[in-house]
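What follows is a single structure, written as structure tokens, with notes after it.
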Amino acid sequence: MADLLEPVMKKKVIVTGGTGYIGSHTAVELIASGFEVVIIDNLCNSDVTVLDGIRAITGIKPVFYDYDLCDMAKLEEVFAAEGKIDAIIHFAAFKAVGESVRKPLDYYRNNLGSLINLLAVMDKHGTTSLVFSSSCTVYGQPDTLPVTESSPVREAASPYGYTKQAGEVIIRDTMAARADQKAISLRYFNPIGAHPTAHIGELPRGVPENLVPFITQTAIGLRDELKVFGNDYDTPDGSCIRDYLHVVDLARAHVTALKRLLEGRNRSNFEVFNLGTGTGVSVLEAIASFERATGIKLNYSITSRRPGDIEKIWADPSLANRELNWKTEITLDESMETAWRWEKKIRNKS
């Protein structure tokens, strides 16, 4: 009887890169689902004030370590201080396709070195569950669309894409050697938007490498002009096609994947799921969506193709829909409106 009266301990989850764009939104959803969140982030592409945004939404400010995962000694400190860690969601990585083409060694050293350190410490301290932030870039330019989880993993179009491919192989092989551990790799497509409260959102350093923050920065006057990289692709309007999903939808998928592992519902010790809407949207269509959602006319021009970009890709999310009981709910126009609301807030404009 006494055992029944003991409090139920919250599951403790480390979120690496948790002050970043997707990591912060996932931290919010984890807290809302009753998890205890510990964030590790070296703030190389985020800001510590994001923790205040998480607290403003949830009422809880997560434990935070300003550490670099490539520093094994610091990583050991976290595990020693926090005691039992039930699971890890691993976001921390450099993530810009164009930058990876310019700085390949930085991407290989950071993205793969940090993952290897994390897997080593995870094993040493008995953490059994890992959710890995992967990407549709592992598919390269697919021959057949939409992309399913059984689509071939082709030669990566960028060093960033290769680090995601290699990361999955490292995790798969590691899980195969550890009977008591399990992992899910979430291959997501193009996250956009911000939390509807506008307390957290995408906060790129310097010139944005992704489309939507460049759209919002152009709309607010921070950038003179939005450049569309190519209009001669084999697509209906000549611009690249992507599958854009709202970041909150994406964050919720990480929670459902984590629960699947912790509840033992995984079908193998390494699973892969595509996360997307299932609909391809061109760059020009995305621009039109923003204009429609906000009433703002964007100043943009067509320029040459960008190295590392693939022509078109979108997801078949049916496996995630079925196995994770997850699907996207927020529309493209709604996503653009939340991105604009966030941009106005951080620029202190109404």
Is it possible for you to say whether [X] and [Y] belong to one hydrophobic cluster, with membership spreading through side-chain heavy-atom contacts below 4.5 Å?
X	Y	result
V38	F64	no
Y188	L30	yes
I171	V169	no
L324	L245	yes
W340	Y244	yes

Is any side-chain heavy atom of [Y] closer than 4.5 Å to one of [X]?
X	Y	value
L69	L115	no
Y160	T137	yes
I184	F273	yes
R187	C136	no
D41	V48	no
L203	N45	no
V228	I287	yes
P159	V101	yes

Is a side-chain N or O of [X] found less than 3.5 angstrom from the main chain of [Y], in a donor-acceptor match?
X	Y	value
S289	E285	no
N321	P317	yes
H125	T127	no
N111	T163	no
D249	E329	yes
W326	H254	no
Q165	Y162	no
E334	T331	yes
E149	N274	yes
R341	P196	yes

Is it true that atom [atom1] of [X] has more than 12 heavy atoms of other residues, nucleotides or ligands lying nearer than 6.0 Å?
X	atom1	value
N325	CG	no
R267	CZ	no
E263	CD	yes
K327	NZ	no
K61	NZ	yes

| message | Going by side chain to side chain contact (heavy atoms under 4.5 Å, CB included), name the residues that satisfy it together with S268, two or more places apart in sequence or in a different chain. | response |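 Residues passing side chain to side chain contact (heavy atoms under 4.5 Å, CB included) with S268: E271.
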| Criterion side chain to side chain contact (heavy atoms under 4.5 Å, CB included) on Q141 and K312, from CA distance to verdict | CA-CA 7 Å; Q141 177 58 66; K312 50 190 171 185; 4.0 Å; yes
| field | Test side chain to side chain contact (heavy atoms under 4.5 Å, CB included) applied to R242 and L211, V281, I313, the passing residue | value |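 The single option meeting the side chain to side chain contact (heavy atoms under 4.5 Å, CB included) with R242 is I313.
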| field | Salt bridge flag under 4.0 Å for residues E323 and R260 | value |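 So E323 pairs with R260 through a salt bridge.
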| query | Are E168 and K164 ion-paired here, with the side-chain N under 4.0 Å from a carboxylate O? | reply |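 No, no charged N to carboxylate O under 4.0 Å.
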From [X] [atom1] over to [Y] [atom2], what is the distance, rounded to the nearest 0.5 angstrom?
X	Y	atom1	atom2	value
N110	C70	CG	SG	4.5 Å
T174	L119	OG1	CG	5.0 Å
F270	L130	CZ	CG	9.0 Å
R102	S158	CZ	OG	11.5 Å
I57	R55	CD1	CZ	12.5 Å
R205	C44	CZ	SG	7.5 Å

Taking all non-hydrogen atoms of both residues into account, name the closest pair between [X] and [Y] and its distance.
X	Y	result
P142	L145	CG-CD2, 3.6 Å
P213	P204	CB-CG, 3.9 Å
I39	T19	CG2-N, 3.9 Å
N269	Q181	CB-O, 3.5 Å
I54	G18	CD1-O, 4.2 Å
I310	A157	CG2-CB, 3.9 Å

Is it the case that the side chains of [Y] and [X] hold a donor-acceptor pair, with the cut-off being a distance below 3.5 Å and no angle test?
X	Y	result
Y300	E225	no
N42	Y65	no
T128	D180	no
D316	T148	no

| message | For I296 and E291: C-alpha separation, side-chain torsions, deciding distance, then whether side chain to side chain contact (heavy atoms under 4.5 Å, CB included) applies. | response | CA-CA 5 Å; I296 296 170; E291 293 179 335; 6.0 Å; no
| request: Take D123 and R178 through the test side chain to side chain contact (heavy atoms under 4.5 Å, CB included) and record every step on the way to the result. | output: CA-CA 9 Å; D123 187 47; R178 299 176 179 175; 3.2 Å; yes
Indicate every side-chain donor-acceptor pair of residues 83-99 with a distance under 3.5 Å to a residue at least two apart or in another chain.
{"residue": "D86", "atom": "OD2", "partner": "K12", "partner atom": "N", "Å": "2.8"}
{"residue": "H90", "atom": "ND1", "partner": "T16", "partner atom": "OG1", "Å": "2.6"}
{"residue": "E99", "atom": "OE1", "partner": "Y107", "partner atom": "OH", "Å": "2.5"}

| request: Begin with the C-alpha distance, continue with both residues' side-chain angles, and end with the deciding distance and a verdict on side-chain hydrogen bond (donor to acceptor under 3.5 Å, both in side chains) for N210 and E202. | output: CA-CA 10 Å; N210 297 324; E202 190 165 7; 3.3 Å; yes
Would you be so kind as to tabulate the donor-acceptor pairs closer than 3.5 Å made by side chains of residues 229-236, with sequence neighbours excluded?
{"residue": "D232", "atom": "OD1", "partner": "R305", "partner atom": "NE", "Å": "3.0"}
{"residue": "T235", "atom": "OG1", "partner": "G238", "partner atom": "N", "Å": "3.0"}
{"residue": "T235", "atom": "OG1", "partner": "S239", "partner atom": "N", "Å": "3.2"}
{"residue": "T235", "atom": "OG1", "partner": "S239", "partner atom": "O", "Å": "2.7"}

| Ring centres under 6.0 angstrom apart (Y21, H195) |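 Centroid distance Y21-H195: not below 6.0 Å, so no.
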| said: For H25 and L250: C-alpha separation, side-chain torsions, deciding distance, then whether side chain to side chain contact (heavy atoms under 4.5 Å, CB included) applies. | reply: CA-CA 9 Å; H25 286 82; L250 180 58; over 6 Å; no
